[in-house]
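Taking it in order: structure first as structure tokens, then the write-up.
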Amino acid sequence: MASLAGKVAVVTGASSGIGWAVARELAAHGWRVGLVARREEPLRRLATEIAAKGGAAVPAAADVADRGQVEAAVAAVRQALGPIDLMVANAGVGKATRLDPVNVADVEVQFRVNVLGVVYAFAAVQGEMLARRSGHLVAVSSIAGFRGLPGESAYCASKAAVNVYLDGLRAQLHGTGVRVTTICPGFVKTPMTADNTFHMPGLMTPEYAARKIVTAIRRGKKVYAFPWTLAALTKFSRWLPDRLVQRVMGAYDTDTDQPPAP
Ligand SMILES: NC(=O)c1ccc[n+]([C@@H]2O[C@H](COP(=O)([O-])OP(=O)(O)OC[C@H]3O[C@@H](n4cnc5c(N)ncnc54)[C@H](OP(=O)(O)O)[C@@H]3O)[C@@H](O)[C@H]2O)c1
């Protein structure tokens, strides 16, 4: 496993849930961490907690859907902590996709944050990584990217876009010293899933998910989907008739703004 101590990571979506836990886990392994999200107060709180344990963390508030803000936040982290070795593009939103009227504004937000947010975060560090011939680009996608789920078309499509974007990048960056890892979690207990009323098979704590994610990063995995049983079932469900998918997964089409992730 790669040694991590002393290196610099940026985690987007670090103010909550998986990103918060991944930033803590990285800091526990000796990484110095840049913390990015829109809400500054929880970022400051996390930075203080990491510093109290002897680590180093810098809050840098930004909307990941705004390229200028992402560039500025990454520049602030670079100035405070040094060149970026690892980018974890984790920030994401999930909203149900409605039929009539179609909530196009929600679809747009999911593509801006979930897809362009990853593109902008990577773009902010790709140049320096290529120049140093070293670095690691990681995106937190989802098992939901493996197939379109009823009521979740836009969320699933945004995650499928992330998966394929990273597939292409990984091949293009082969031999450059820059690695690419796609993380596809199943259900994790975070504010994003807090309002889900249906059974979430294999529901994990953010801390457990963060340990798995950081281990996958250290091992330099290409694609890491977990739990593997849910990943396999979701992939298999692509071959099921729509009628059955609607019956089994139609319950995922809740009438809330929270996504029935993964
Ligand atoms: N929970 C699950 O079951 C699950 C499963 C699979 C994949 N995922 C993925 O894991 C990632 C994290 O989700 P989570 O469950 O930890 O959700 P969460 O607790 O709601 O956290 C989402 C994070 O993204 C940040 N964020 C949202 N919009 C942003 C924006 N425009 N600019 C900057 N930051 C933004 C939020 O910070 P601010 O609000 O402060 O900006 C927050 O830190 C997402 O990509 C999600 O799709 C989640």
Side-chain angles (χ1 to χ4, degrees), residues 10-25 33-46 59-74 88-96 106 108-121 124 138-146 149 152 154-163 166 182-196 198-210 212-213 216 223-227 230-231 234 252 256-262:
V10 172
V11 180
T12 72
S15 63
S16 170
I18 296 172
W20 173 285
V22 165
R24 287 175 89 205
E25 183 71 12
V33 199
L35 309 171
V36 176
R38 288 165 304 178
R39 287 169 295 155
E40 206 162 359
E41 195 279 323
L43 297 182
R44 283 219 189 93
R45 215 164 0 106
L46 179 55
D63 181 340
V64 297
D66 180 321
R67 187 178 175 199
Q69 289 190 31
V70 174
E71 293 282 342
V74 171
V88 183
N90 158 82
V93 287
K95 294 168 185 289
D106 288 341
E108 290 170 346
V109 167
Q110 288 175 95
F111 276 84
R112 285 203 189 98
V113 176
N114 298 358
V115 183
L116 291 178
V118 172
V119 175
Y120 297 158
V138 177
V140 178
S141 180
S142 172
I143 281 177
F146 294 163
L149 297 167
E152 291 302 313
Y155 180 74
C156 294
S158 73
K159 294 302 188 180
V162 169
N163 293 348
L166 267 67
T182 315
I183 302 287
C184 296
F187 291 105
V188 184
K189 198 171 180 339
T190 69
M192 190 182 265
T193 52
D195 290 348
N196 290 350
F198 55 86
H199 172 64
M200 291 183 272
L203 183 67
M204 301 171 270
T205 64
E207 291 74 19
Y208 175 82
K212 304 290 268 186
I213 290 169
V223 178
Y224 180 59
F226 66 106
L230 190 61
T234 308
Y252 286 50
T256 73
D257 254 4
Q258 293 295 333

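Worth knowing before you read on, the calculation uses all heavy atoms, side chains too, and leaves out hydrogens, waters and symmetry mates. Indexing begins at 1, ligand by ligand and atom by atom, following the structure's order.
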Query raised in the report: So Asn90 and Val22, side-chain contact (heavy atoms from CB on, under 4.5 Å) or not? Walk me through it.
Result: CA-CA 9 Å; Asn90 158 82; Val22 165; 5.9 Å; no
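Within the 4.0 Å heavy-atom criterion, neither part of Ala144 lies near ligand 1. Both the backbone and the side chain of Val140 come within 4.0 Å of ligand 1, counting heavy atoms alone. Of all the heavy atoms of Val64, the ones lying under 4.0 Å from any atom of ligand 1 are found in both the backbone and the side chain. Of the heavy atoms in Ile18, both backbone and side-chain atoms come closer than 4.0 Å to ligand 1. Proximity of Lys159 to ligand 1, defined as any heavy-atom pair under 4.0 Å, is confined to the side chain (atoms from C-beta onward). Neither the backbone nor the side chain of Trp20 has a heavy atom within less than 4.0 Å of ligand 1.
Thr193 contributes a side-chain N or O that, together with a main-chain N or O of Val188, makes up a donor-acceptor pair within less than 3.5 Å. Within the 3.5 Å criterion, the main-chain N or O of Pro59 finds no donor-acceptor partner in the side chain of Glu40. Judged purely by atom type and a 3.5 angstrom limit, Lys159 uses its side chain to pair as donor or acceptor with the backbone of Val140. Not a single donor-acceptor pair under 3.5 Å links the side chain of Ser15 to the backbone N or O of Pro42. Judged by distance alone, with hydrogens and angles left aside, the side-chain atoms of Thr205 form a donor-acceptor pair with the main-chain N or O of Tyr208 at under 3.5 Å. Using a distance-only test at 3.5 Å, with no hydrogens or angles considered, a donor-acceptor pair links the side chain of Asp63 to the main chain of Ala65.
Within the 4.0 Å heavy-atom cutoff, Ala209 does not count among the residues contacting ligand 1. Assignment of Thr12 to the shell around ligand 1 is not supported, since no heavy atom sits closer than 4.0 Å. Using a 4.0 Å cutoff on heavy atoms, Pro191 counts as a contact of ligand 1.
Of the listed residues (Arg39, Glu40, Arg38), the one carrying the non-hydrogen atom nearest atom 30 (C) of ligand 1 is Arg38. With distances taken over non-hydrogen atoms, the option nearest atom 46 (C) of ligand 1 out of Met192, Met204, Glu41 is Met192.
Side-chain polar atoms of Thr182 and Asn163 form no donor-acceptor pair below 3.5 angstrom.
Residue-ligand proximity, Thr193 to ligand 1, at heavy-atom distances under 4.0 Å covers atoms 1 (N), 2 (C), 3 (O). For ligand 1, the atoms closer than 4.0 angstrom to any heavy atom of Ala62 are 32 (N), 33 (C). Atoms of ligand 1 found under 4.0 Å from any heavy atom of Gly92 (numbered from 1 in listed order, with element): 22 (C), 24 (O), 27 (C), 44 (C), 45 (O). Below 4.0 Å from some heavy atom of Ser15 lie the following atoms of ligand 1, by number and element: 36 (C), 37 (O), 38 (P), 40 (O), 42 (C), 43 (O). Below 4.0 Å from some heavy atom of Asn90 lie the following atoms of ligand 1, by number and element: 10 (O), 11 (C), 12 (C), 44 (C), 45 (O). Every atom of ligand 1 with a heavy atom of Val93 under 4.0 Å away is listed here by number and element: 27 (C), 28 (N). Each of the following atoms of ligand 1 lies closer than 4.0 Å to a heavy atom of Ser16: 18 (P), 19 (O), 21 (O), 42 (C), 43 (O). Short contacts between ligand 1 and Ser141, defined as distances under 4.0 Å to a heavy atom of the residue, involve ligand atoms 6 (C), 7 (C), 8 (N), 9 (C).
Between Ser142 and ligand 1, no N or O atom pair is found at a separation short of 3.5 Å. For ligand 1, the polar-atom distance check against Ala65 finds no nitrogen or oxygen pair separated by under 3.5 Å. For the pair Gly13 and ligand 1, the shortest N or O to N or O distance falls below 3.5 Å.
Nearest heavy atoms, Asn114 versus Gly92: OD1-CA, 3.2 Å.
Between the CG atom of Leu149 and the SG atom of Cys156 there is a distance of 4.0 Å, given to the nearest 0.5 Å. Rounded to the nearest 0.5 Å, atoms CE (Met204) and NZ (Lys212) are 9.0 Å apart. With values rounded to the nearest 0.5 angstrom, Lys95 atom NZ is found 7.0 Å from Gln110 atom CD.
Contact annotation: the side chain of Trp20 approaches that of Leu46 to within less than 4.5 Å [non-hydrogen atoms, C-beta and beyond].
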